There are 2 protein chains.
Amino acid sequence: MTLSNTVYEKLRADIIDGLFAPHQPLRLEQLKQQYGVGFSPLREALNRLQGERLVVSALQRGFRVSSLSVEEMWDAVNSRIFVEGEALRRSIGLGDDDWEAALVASFHALSIIVKRLGQADREIDKDSFDELERRHREFHAALISACGSAWLLDFAEKLNTETERYRVMALRSATLRHERDVEAEHKAILEATLRRDADAASGLLRDHYHATGQFLERVLRDRVARAS
Amino acid sequence: MTLSNTVYEKLRADIIDGLFAPHQPLRLEQLKQQYGVGFSPLREALNRLQGERLVVSALQRGFRVSSLSVEEMWDAVNSRIFVEGEALRRSIGLGDDDWEAALVASFHALSIIVKRLGQADREIDKDSFDELERRHREFHAALISACGSAWLLDFAEKLNTETERYRVMALRSATLRHERDVEAEHKAILEATLRRDADAASGLLRDHYHATGQFLERVLRDRVARAS
DNA sequence: TAAAGCCAGATTTTCGAAAATATTGCATCA
DNA sequence: TGATGCAATATTTTCGAAAATCTGGCTTTA
């Protein structure tokens, strides 16, 4: 691992995590202290993150964390529905037994962590929270992994990163709770996929993301109202 | 303009142009000479290009130009059909008079350069060639510019860059000629779009890109056969 | 002969200083 | 007072040297 790669991954995780607030300037001197590396790896990492839209740069004014908004969130959610809906259809058409097996496995792994966190009434620690996010990401990735298009997978990953920032923020603020049974939605998507019903599966996936979008919008508007 | 930005744009243009062959390693010392800048702006530019998939990097082994293949080309072409087809539908639904005016203007500008180059039997100079590519890109960008989704536009741009590398290579080798009337295809897309017929327009766009894909495949296979 | 170890040269990666540029606070002037 | 210019400071950007790592060829060894 090069320092450049390491600091890229750390910065990426920290931005998604909300350690740096949206729109906050990222001062090189401070980052240098924080991550214990020189300018070069930092600037390389920031240039890469720029391509993922996690940071934006202004000429001679350095980098800042990109901002969040209801409009951007909906664009990301709707694009995700569009891209992953198609990728899921293709996966259902092309996926073999290994794909099915990996899909079932990733759903199961997600169920386990969901159940464990559901039982515990205590505060959820960061590690568990990270694992939940990871398992969730892996389940959705498994659904579309057999689509056969590197570009669709690339787009889906970018959109997942973007929406992950909103999800993390929403679950952190925790003032609102979903009333829905997310686990049941996942299960329904899985079952439609396994019986190779592309229309049903992509429809359920659409509903799933759309419901998430509505939840995120409520949280975002709540935060804005609270702040003013 | 920072040096980093300048060298990024130059490198990008030169890779698309085929100045560096696919899969060729990009040695920093050589690039330093060639572009007259130090390591830092070069590495920053290369890190950004990595995000666009124009270069790939291997740990401690620097950067190389990403490679081209028939499979990758078809993935890019099909993804383009998918993404731009939807973006065109949305543009047709949302576009206002200004959008229509700009669209007609960009088609006209494309027609002019096509006619000029069609008349001249002489060798096409680099500037004219670049202008043709630019006008072509701008026409296709104008079609989808009113789609209202920053993400779809972002994806379309990435895919255009990717396919541009293949187009440039194909038109350079020039051993094969299209038998089709590309200008007529553009005109048909424009007319369907202006009469707000989304099904017809996106169907024609699909056919247009698919025909281009078939042309590119012939050229690619011809090159491989020629090389062996 | 083939495999492993090692050295020299080539190359990438990282650092901190220097140059270029932006920002802030203060003084000056109309 | 309010705008403008200037100096001091903060910050980004760039450079070239140094450190780390890889590559290819040579030698040694079994």
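In the text below, chain A, chain B and the rest are named by the order of the sequence lines, each starting its count at 1. Quick caveat, the model's predicted, so the values are computed rather than measured.
Atom-to-atom, CG of L59(A) to P of dA20(C) comes out at 16 Å; the value is rounded to the nearest Å. N5(B) places its CG atom 15 Å from the C1' atom of dA20(C), with the value rounded to the nearest Å. One can place OH of Y35(B) at 18 Å from C1' of dT14(D), the figure rounded to the nearest angstrom. Rounded to an integer number of Å, the gap from CD of Q60(B) to P of dT21(D) is 6 Å. Note: CG (N47(A)) to C1' (dT12(D)) measures 12 Å, nearest angstrom. One atom, CZ of F63(B), and another, P of dT11(C), lie 16 Å apart when rounded to the nearest Å. A straight line from CD of E29(A) to C1' of dT21(C) spans 17 Å, rounded to a whole angstrom. Here dT14(D) presents its P atom at 13 Å from CD of E44(A), a figure rounded to the nearest Å.
In the set dT11(C), dC15(C), dT21(C), the nucleotide with an atom closest to the side chain of R27(B) is dT11(C). Comparing dT14(D), dT12(C), dT23(D) by their nearest atom to the side chain of R43(B) picks out dT12(C). The side chain of F39(A) lies closest to dA17(C) when the candidates are dC15(D), dC15(C), dA17(C). You'll find that the side chain of P41(A) is closest to dC15(C), out of dC15(D), dA22(C), dC15(C).
Across all strands, L28(A) comes closer than 4.0 Å to base atoms (heavy-atom distances). Looking at heavy-atom distances under 4.0 Å, L46(A) makes no contact with the nucleic acid at all. At a threshold of 4.0 angstrom between heavy atoms, the contacts of S40(B) include nucleobase atoms, whether or not backbone atoms are also involved.
A cation-pi contact links R53(B) to W151(A), judged by a cut-off of 6.0 Å to the six-membered ring centre and 45° from its axis.
The phosphate of dT23(C) has OP1 or OP2 within less than 4.0 Å of a side-chain N or O from R61(A).
Considering only heavy atoms from C-beta on, K10(B) stays 4.5 Å or farther from V37(B) through its side chain.
By the 4.0 Å N-to-carboxylate-O rule, E162(B) lies too far from K158(B) to be salt-bridged with it.
A distance-only check finds no donor-acceptor pair linking the side chain of S67(B) to the backbone of P22(B) [under 3.5 Å].
No donor-acceptor contact under 3.5 angstrom links the side chains of S4(B) and R43(A), judged on distance only.
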